[in-house]
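Remember, it's 1-based here, ligands and their atoms both numbered in the order they're listed.
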Amino acid sequence: MEKIKMINPIVEMDGDEMTRILWKMIKDELLIPFVDLNTEYYDLGLEKRDETGDQITKDAAEAVKRLGVGVKCATITPNAARVEEYNLKEMWKSPNGTIRAILDGTVFRAPIIVKGIEPYVKSWKKPITIARHAYGDVYKASEMKIPGPGKCEIVYTDAQGRESRELIHEFDGPGIVQGMHNLNRSIESFAHCCFKYALDTKQDLWFASKDTISKKYDHTFKDILQEIYDNEYREQFEDAGITYFYTLIDDAVARVVKSEGGYIWACKNYDGDVMSDMVATAFGSLAMMTSVLVSPDGCYEYEAAHGTVQRHYYNHLKGEKTSTNSVATIFAWSGALRKRGEMDGNSELMKFADILEKATIDTIESGTMTKDLALITSMKNPVIAGSEEFIKAIRVNIEKALS
Ligand code: NAP
Ligand code: MG
């Protein structure tokens with residue numbers, strides 16, 4: 001069989017621990033035998049980041065900007081324990097944070113749905129994709145404890161030194177106060193990413209906030225999204241047969257629980273933080289969540305939502321057999337390959353992405369799965385496969401599909 005050709009490369013970002021082990025297995029068993037893999041390789045493993053003073057992470061992000069598509073393995077975000085474990089020169093920043101900042105992107109997280117792993121919410125039939133605005137609000141707030149009676153104000157001083165003030169509260173006793181901000185520029189980027197991704201995936205887009213109470217802050221989010229939608233996307237949405245709608249956050253929560261799924265829920269920073277964990281858990285497993293970073297100018301970086309699965313890695317190092325779920329990492333690859341195919345007009349590559357995903361889902365639905373899924377499946381007598389066995393079982397299904 002002739003291997004599928006790739007016209008342009010994708011950016012390949014290798015990572016750490018157990019997911020690094022899976023990364024190689026996926027390439028060796030599921031990709032290289034079938035595709036003439038064309039990647040620009042960046043090793044974002046922690047040793048290499050330390051060695052290059054984290055320059056490699058920045059280079060990788062720039063490469064995604066240049067080539068338009070990337071795929072990333074999970075990476076360690078160093079903390080004090082990791083600084084010691086890896087004898088690091090510095091406590092390097094989160095690679096995902098660095099890449100997101102360079103691409104100015106929004107992260108979309110969606111579950112992979114298979115028969116036998118049922119969502120806790122019975123009505124959910126299709127994935128719910130969460131888009132989290134990842135700048136500002138409570139995550140970049142200033143706070144004060146107010147010790148006793150006194151007046152608290154917001155003061156804005158413009159470039160000419162003119163002040164405007166807004167009273168927060170006349171305290172008659174101790175209390176607390178918080179000042180937070182956001183930027184129109186960042187909200188606009190978020191809006192473009194969300195509208196583009198909705199068009200791209202042909203799904204409705206919901207956005208919700210609390211504009212009835214927050215008449216300037218949240219209302220600005222609502223207004224910016226509406227204005228960009230009306231001016232730049234309404235027609236395209238109508239042509240694609242999808243809708244954008246705004247509602248109050250409490251109404252959205254109620255609708256989501258009663259819905260069938262199959263849409264994108266755009267959230268402000270805090271709502272996205274909370275709701276993405278809720279939705280991921282309710283769909284069954286963190287190991288089945290995909291994640292894609294989309295930049296406002298249309299670059300895509302795919303990855304699994306989970307981390308490097310450190311506990312399994314230590315077992316692997318001790319020579320113990322592991323059963324780590326590679327599904328979200330496989331879907332990161334299929335997502336990137338499909339997008340590359342789409343951008344290059346390479347239908348063979350797009351078809352391969354479909355085959356890879358179907359082979360993965362078929363493997364699980366026929367009863368062979370990793371331990372994390374075996375523990376929650378409604379299927380009787382699932383076969384628990386080791387990390388490598390599971391990937392090899394998928395390979396058999398790809399070979400069947402291609403022959
Ligand atoms: P984690 O790697 O997501 O794993 C937490 C636990 O979830 C695992 O111990 C395992 O549970 C289960 N799990 C997650 N993915 C799984 C999979 N594919 N298959 C089977 N089980 C899976 O989170 P962590 O242990 O808190 O973090 C480890 C490292 O990952 C940290 O250094 C963190 O900085 C990094 N991280 C990276 C990313 C990223 O690059 N996107 C995201 C999050 C965390 P059991 O142990 O019960 O089997
Ligand atoms: Mg969270």
Student: Salt-bridged, Arg338 to Glu342, with N to O below 4.0 Å?
Tutor: no
Student: Decide whether a cation-pi geometry holds between Arg109 and Phe283; the criteria are a distance under 6.0 Å from NZ or CZ to the six-membered ring centre and an angle within 45° of the ring axis.
Tutor: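 No; the conditions do not both hold, so Arg109 does not lie above the ring face of Phe283.
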Student: I'd like to know whether ligand 1 has Met18 as a neighbour, heavy-atom separation below 4.0 Å.
Tutor: no
Student: Looking only at protein heavy atoms, which one is nearest to atom 43 (C) of ligand 1, and what is the separation?
Tutor: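 Looking only at protein heavy atoms, the one closest to atom 43 (C) of ligand 1 is Gly307 CA, 3.5 Å.
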Student: Hey, which atoms in ligand 1 end up nearer than 4.0 Å to a heavy atom of Val309?
Tutor: 2 (O), 8 (C), 15 (N), 16 (C), 22 (C)
Student: Between Asn315 and Thr322, is any side-chain donor less than 3.5 angstrom from a side-chain acceptor?
Tutor: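 Not at all, the side chains of Asn315 and Thr322 share no donor-acceptor pair under 3.5 Å.
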Student: May I ask you to check whether Ser323 has an N/O atom sitting below 3.5 Å from an N/O atom of ligand 1?
Tutor: no
Student: Determine, counting only non-hydrogen atoms of the protein, whether one lies under 4.0 angstrom from atom 29 (C) of ligand 1.
Tutor: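 For atom 29 (C) of ligand 1 the answer is yes, since some protein heavy atom falls inside 4.0 Å.
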Student: Answer yes or no for atom 24 (P) of ligand 1: protein heavy atom present at a distance under 4.0 Å?
Tutor: no
Student: Quick one: do the Asn182 and Tyr135 side chains pair a donor with an acceptor below 3.5 Å?
Tutor: no
Student: Measure centre to centre between the rings of Phe237 and Tyr244, then say whether the value is under 6.0 Å.
Tutor: no
Student: Which residue and atom name correspond to the protein heavy atom nearest atom 9 (O) of ligand 1, and how close is it?
Tutor: Arg311 CB, 4.1 Å
Student: Looking only at side chains, do Tyr313 and Thr19 share a donor and an acceptor under 3.5 Å apart?
Tutor: no
Student: Can you list the atoms of ligand 1 that are under 4.0 Å from a heavy atom of Lys72?
Tutor: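 Ligand 1 atoms under the 4.0 Å threshold to Lys72: 40 (O).
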Student: With under 30° as parallel and over 60° as perpendicular, where do the rings of Tyr300 and Tyr197 fit, or are they tilted in between?
Tutor: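 Correct class here is tilted.
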Student: For atom 2 (O) of ligand 1, decide whether some protein heavy-atom distance is shorter than 4.0 Å.
Tutor: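 Yes, there is one.
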Student: Return a yes/no value: protein heavy atom under 4.0 Å from atom 6 (C) of ligand 1?
Tutor: no
Student: Atom 17 (C) of ligand 1: which protein heavy atom is closest, and how many Å away?
Tutor: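 Nearest protein contact, heavy atoms only, for atom 17 (C) of ligand 1 is Ala287 CB, 3.5 Å.
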Student: Take the angle between the ring planes of Phe245 and Trp206 and call it parallel below 30°, perpendicular above 60°, tilted in between.
Tutor: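 Perpendicular, since the angle between the ring planes exceeds 60°.
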Student: For ligand 1, find out whether one of its N or O atoms is nearer than 3.5 Å to an N or O atom of Asn325.
Tutor: yes
Student: Using a 4.0 Å cutoff against the non-hydrogen atoms of Ala74, which atoms of ligand 1 qualify?
Tutor: 40 (O)
Student: Aromatic rings Tyr246 and Phe207: how do their planes relate, parallel, tilted or perpendicular, breaks at 30° and 60°?
Tutor: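 Rings of Tyr246 and Phe207: tilted, as their planes differ by 30° to 60°.
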Student: Is Asn96 touching ligand 1 with its side chain, its backbone, both, or neither, if touching means heavy atoms under 4.0 Å apart?
Tutor: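 It is the side chain that gets close, since no backbone atom is under 4.0 Å.
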Student: Are any of the side-chain heavy atoms of Trp333 and Leu37 separated by less than 4.5 Å?
Tutor: yes
Student: Check for me whether Lys268 meets the cation-pi criterion with Phe221, that is, NZ or CZ under 6.0 Å from the six-membered ring centre and within 45 degrees of the ring axis.
Tutor: yes
Student: Heavy atom to atom 31 (C) of ligand 1, shortest distance: which of Arg82, Lys371, His306, Met289 holds it?
Tutor: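 Shortest heavy-atom distance from atom 31 (C) of ligand 1: Arg82.
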Student: To which of His312, Glu303, Glu85 does the heavy atom nearest atom 10 (C) of ligand 1 belong?
Tutor: His312
Student: Which option, Thr77, Thr75, Thr308, owns the non-hydrogen atom nearest atom 37 (C) of ligand 1?
Tutor: Thr75
